[in-house]
There are 4 protein chains.
Amino acid sequence: MTVRIAVAGASGYAGGELLRLLLAHPDVEIGALTAGGNAGSPLLAHQPHLLPLADRVLTETTVEELKGHDVVFLALPHGHSAELAAQLGDDIVVIDCGADHRLTSEDAWNRWYGGTYAGSWPYGLPELPGQREKLRDARRIAVPGCYPTVSSLALAPALDHIEDEVVVVAVSGTSGAGKAPKAHLLGSEVMGSASAYGVGGAHRHTPEIAQNLSAAAGRKIDVSFTPVLAPMSRGILATCSATLKTTDDVESVYKKAYADEPFVHVLPEGLWPTTNAVLGSNAVQLQVTVDTDLNRLVVVAAVDNLTKGTAGAAVQCMNLALGLPETTGLSTVGVAP
Amino acid sequence: MTVRIAVAGASGYAGGELLRLLLAHPDVEIGALTAGGNAGSPLLAHQPHLLPLADRVLTETTVEELKGHDVVFLALPHGHSAELAAQLGDDIVVIDCGADHRLTSEDAWNRWYGGTYAGSWPYGLPELPGQREKLRDARRIAVPGCYPTVSSLALAPALDHIEDEVVVVAVSGTSGAGKAPKAHLLGSEVMGSASAYGVGGAHRHTPEIAQNLSAAAGRKIDVSFTPVLAPMSRGILATCSATLKTTDDVESVYKKAYADEPFVHVLPEGLWPTTNAVLGSNAVQLQVTVDTDLNRLVVVAAVDNLTKGTAGAAVQCMNLALGLPETTGLSTVGVAP
Amino acid sequence: MTVRIAVAGASGYAGGELLRLLLAHPDVEIGALTAGGNAGSPLLAHQPHLLPLADRVLTETTVEELKGHDVVFLALPHGHSAELAAQLGDDIVVIDCGADHRLTSEDAWNRWYGGTYAGSWPYGLPELPGQREKLRDARRIAVPGCYPTVSSLALAPALDHIEDEVVVVAVSGTSGAGKAPKAHLLGSEVMGSASAYGVGGAHRHTPEIAQNLSAAAGRKIDVSFTPVLAPMSRGILATCSATLKTTDDVESVYKKAYADEPFVHVLPEGLWPTTNAVLGSNAVQLQVTVDTDLNRLVVVAAVDNLTKGTAGAAVQCMNLALGLPETTGLSTVGVAP
Amino acid sequence: MTVRIAVAGASGYAGGELLRLLLAHPDVEIGALTAGGNAGSPLLAHQPHLLPLADRVLTETTVEELKGHDVVFLALPHGHSAELAAQLGDDIVVIDCGADHRLTSEDAWNRWYGGTYAGSWPYGLPELPGQREKLRDARRIAVPGCYPTVSSLALAPALDHIEDEVVVVAVSGTSGAGKAPKAHLLGSEVMGSASAYGVGGAHRHTPEIAQNLSAAAGRKIDVSFTPVLAPMSRGILATCSATLKTTDDVESVYKKAYADEPFVHVLPEGLWPTTNAVLGSNAVQLQVTVDTDLNRLVVVAAVDNLTKGTAGAAVQCMNLALGLPETTGLSTVGVAP
């Protein structure tokens, strides 16, 4: 089986990571590579790490370019996916790395994003209860945001054991902010510096985390979410905590919850996650403890925002949608040190 | 007035930062520079940034070396200060950058540090209610830990307005971990990576934060504290949050609380703290918001762990103890970018 | 004596560093702070480390704004200084941090920069033979480029002892590339990565290095110059080498040459320069050796590109021009680690 | 065909990278993982990125442990390989990532390393003229040093066109210095800082570069080599230059030389190498130009010191020795950004 794929937004970080992974996928043939303003220029000028595609030139992102592939990955700014997807037939698997089809609540969409609400698609986090089944044979898939991926996986197993409010502070590399040049993302600004942003519930991933946790819990979970920018290109380390309402052995709960998951690993006692251990991999590493003075659960989880946080999840979902083994082309081995 | 000072532990990071600041202090003359294993070697081999002291050789840390100065700064591993201090007369101002004399509770000492409890000294965080007066004319001063400094200043003004449990996740540069070579602190390990440690109340700064906040609140405040190591040498960015129990305008409360403080700055609306803005300075920058969905206060604060977090606080305390203007030799201007 | 100064280009990196230094200068009063596109916005939004100037708003860069000061610092893109300077009276000391008045050869200007040649001004590197005198009482001063500063100081003492071709490979932080947002300068791109640019004599600082060395040597010196971008905000480490034509003790030559220079330090044997040892300081650290197999001199020198490489040199020149002690307001103590 | 391999020194950086690559090699089964002081501890405690080996415990490095494998990789400090290798039969392919068997000159060994000279083995840089053939069916292979790999590949094609002296300044990440904790390699020291070391021909890779280039040239080539440590974990960017003695089109010479090499890529005009483009890959990216003012060739080359610079080369050599396709299990796709 050879799957012919296209990537829209191939000059950006999500697009580049998709291609890095897809080049290692045994069943994939790489078709159209499209872009907006960068159309017409060689891919290598934007993705110098993709040597096997050194002869490729970016074309314009249009329906015509994207048609005729088995799978189309959309790695576009939010608000650009719905119209394109509507014009791609239902025979094409469309996997959207953007935010357009993640939120099930139109109110939440209007509040945090705005513009026309495009409705929601099957949500590409198969490790959440009930999601994997919806992704098999899906023809439209919404890839989760990077923070929601790591936060949801960090907290989902505990939901029966915690109170309704969770606090997430997640340290992220800068690639999550994309490749559009902005002064505060310059190397000179971010190196040697940490900064918080989107504080107080202002970050757009807040409602997505709440949606995931509430759905998994079967009750409303409130999320206090603060993202912190750290001087690294990739990686998210999320510290997630909540008051326990049971005295159960939550460590066992986590080990059991993820025992059969190929990409989510509860570390052995004494080891704590580091982002470089998952760099470039589709793995999530997490560790769990209880602050007994406060009866508070603290979970720390690490993920590569571009891999399991975006492009790896997209490939994992493609595998599910096409009936391929879920782990095909994906690795749990990080590039460290 | 010329103050003759000595630094015990001059080859480490706290010692180096003390000397960097003291070289710029108009009233100070630098006397003995002592060390443990590094005694006998040139200071410049350990502190290549201290060119004006290029002719200095480190001597052994002994009472004899330290006697005969007006002020002795101790920048030693914990457990080493009490015995030394006991042998330095009461005419000498002893300022301990270590942990030995910070905790007022012997139980807390025994639980988090162990070894002989040395009792507590006046606590060198003049911005906390009631502390500044105790530091004037003090002859023994305990310099706060870096995390307690930033966390306490971030939360103290809100204590009348919040519930009894606070959550602090603080991203720190690696210099806080000191200069003793350890594999997990190698550049190869920390660059490009974030990691949590001392999770679940295990970090020794937890009881110190709780002590400060409880004293300021006049009631027991519980602290969930998680430190995160980020790839930078200096700086702490603390995200501190708690449930509000009032509907007061907490932003105004903060502005009022710190209006006259020379080193603590509540940023104008729209600006959020970054650690490089305070790098090398004695300033604390903070910003406050309320997550109205959760009625949760979120405060983000930035500090240089080596300056206001250690050595700058020590100099500020020296100024207070000697009756000098509190800001002498200290700056609020960071070295950025 | 109080010197009233203005900074044109106060929102950029050179402007910010000028203000950081001038805030610590005892004889300076800070007047107009002007900008181009950023005029009208608060300085703190661009320079969050300059807390003492938190109440300042940037004004438009015009002759009217800049007039009425004793000293005007120009920190503008190249090509913008000549016209402004022409309209500022000769009573005003104008110190240009840009490239416009550095090159004495119109041909060189036309080849590497282009546009109208503005002529050359006294060159602000007092440590070069014969330059300090020209700077005393100067009313127009061209601040050297950062690479030429470190390269010229690294090689000037050796010129009588080396052949006519020198090779300079200089590793630089990213702040030298300025604050205008460009994709290749994003943190995500530069962190974890080294890259060369302007290779093969293409960098504009090449003719300036050659000009300095040729003038000091009294013969034409050819320069092979390659700048390398490294993942750090500040600092240049230059490795400079040339074939020796004498068997003289060059180490002694260097020590003698810089014995009385307050800012240039030949390190003791066994110590090699690091850029963090000079971070934020006006010091140049260098070390010298001879590769005896090849009879080749190798000099390694470190400088902070924003301080001694730009703004520190500007302040040093201001001191000379005004008859102040040359080191006023400047430090040789770096901010390390 | 399944190749059973062992790694001696599995807790270090070279060992970890070998395992990362070998886990992705379709023909390899991973056998014994041995260590020195770390024997007895779980591999994951030292290599947290190697999740598929989470159940492995390190054993002592002994002949008994290593025997019974098809291929034994030695990733040991220099001086430890010869004795071990002598006790492993000739049926075992022994691939030494250390320096013990690289130098063909006993004099050079004595001068730069010292201790018993162990003789030289086939040299694992197949891209050098005549080397690939010697590696097919070899039973003992010396993996090149990281700096010699990139420097030799950068200069070898030009040797007929340049004078006899080359100048190499190579910027390296810190992982090349290994995992043994040393103060100057702490994150606090290396972040934000560049430094030179082994200057003036003092670095042990100098004779190896000279050996390679002299052998390829058929005449003595003198090498001025300076390594520079930059704040990144991985990657080397080498700037290599030499005076041209011909007016040939050297760009074409390079393109022709590497046209059929799977891992060495001369970039299209206008693109320059960056180390993150080759991170984690076995690729070498290079670009060539001529400084026409000086008639000097300048070549810039990028490599990952741990991959093509060490472990990737070792796997490439294993493939050759076993008659597998040379590129099996190796990628030219870097992990960027």
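Naming convention: chains lettered A, B, ... in sequence-line order (proteins, then strands); numbering from 1 in each chain. Note that these values count all heavy atoms, side chains included, but never hydrogens, waters or copies made by symmetry.
Residue contact with chain B, scored on non-hydrogen atoms closer than 4.5 Å, involves the side chain of A/Ser241 exclusively. Contact of A/Pro231 with chain B is made through backbone and side chain together, with heavy-atom distances under 4.5 Å. No part of A/Ala302 comes within reach of chain B, as not one of its non-hydrogen atoms sits under 4.5 angstrom from that chain. The part of A/Val223 that comes within reach of chain B is its backbone (N, CA, C, O), which places non-hydrogen atoms under 4.5 angstrom from that chain. In this structure, chain B has no heavy atom under 4.5 Å from any part of A/Ser172.
Around NZ of A/Lys256, the count of heavy atoms belonging to other residues, nucleotides or ligands within 6.0 Å does not exceed 12. Heavy-atom contacts from other residues, nucleotides or ligands closer than 6.0 Å to NZ of A/Lys245 number more than 12.
Counting heavy-atom pairs closer than 4.5 Å to chain B, the top residue among A/Leu279, A/Val278, A/Thr292, A/Asn276 is A/Asn276. Note: B/Gly192 leads B/Ala230, B/Ser233, B/Gly192 in heavy-atom pairs under 4.5 Å with chain A. The residue among B/Asp222, B/Leu294, B/Val300, B/Val190 with the most heavy atom pairs within less than 4.5 Å of chain A is B/Leu294.
For the side-chain contact (heavy atoms from CB on, under 4.5 Å) with B/Val169, the lone residue among A/Thr226, A/Val169, A/Val298 that qualifies is A/Val169.
Rounding to the nearest 0.5 angstrom, the gap separating the CE atom in B/Met191 from the CE atom in A/Met191 is 12.5 Å. Atom CD of A/Glu165 and atom CG of B/Asp293 lie 10.5 Å apart (nearest 0.5 Å). Separation of atoms OG (B/Ser224) and CG (A/Asn295) is listed at 11.5 Å; rounding is to 0.5 Å.
Contact between B/Thr274 and A/Ser195 at its shortest, heavy atoms only, is CG2-CB, 3.5 Å. Here the closest non-hydrogen pair linking B/Pro337 and A/Glu189 is CB-OE2, 4.3 Å. What you find for A/Val171 and B/Ala194 is that their closest heavy atoms are CG1-CB, 4.2 Å.
Residues of residues 199-212 of chain B that come closer than 4.5 Å to chain A, counting heavy atoms only, are B/Val199, B/Gly200, B/Gly201, ordered by residue number.
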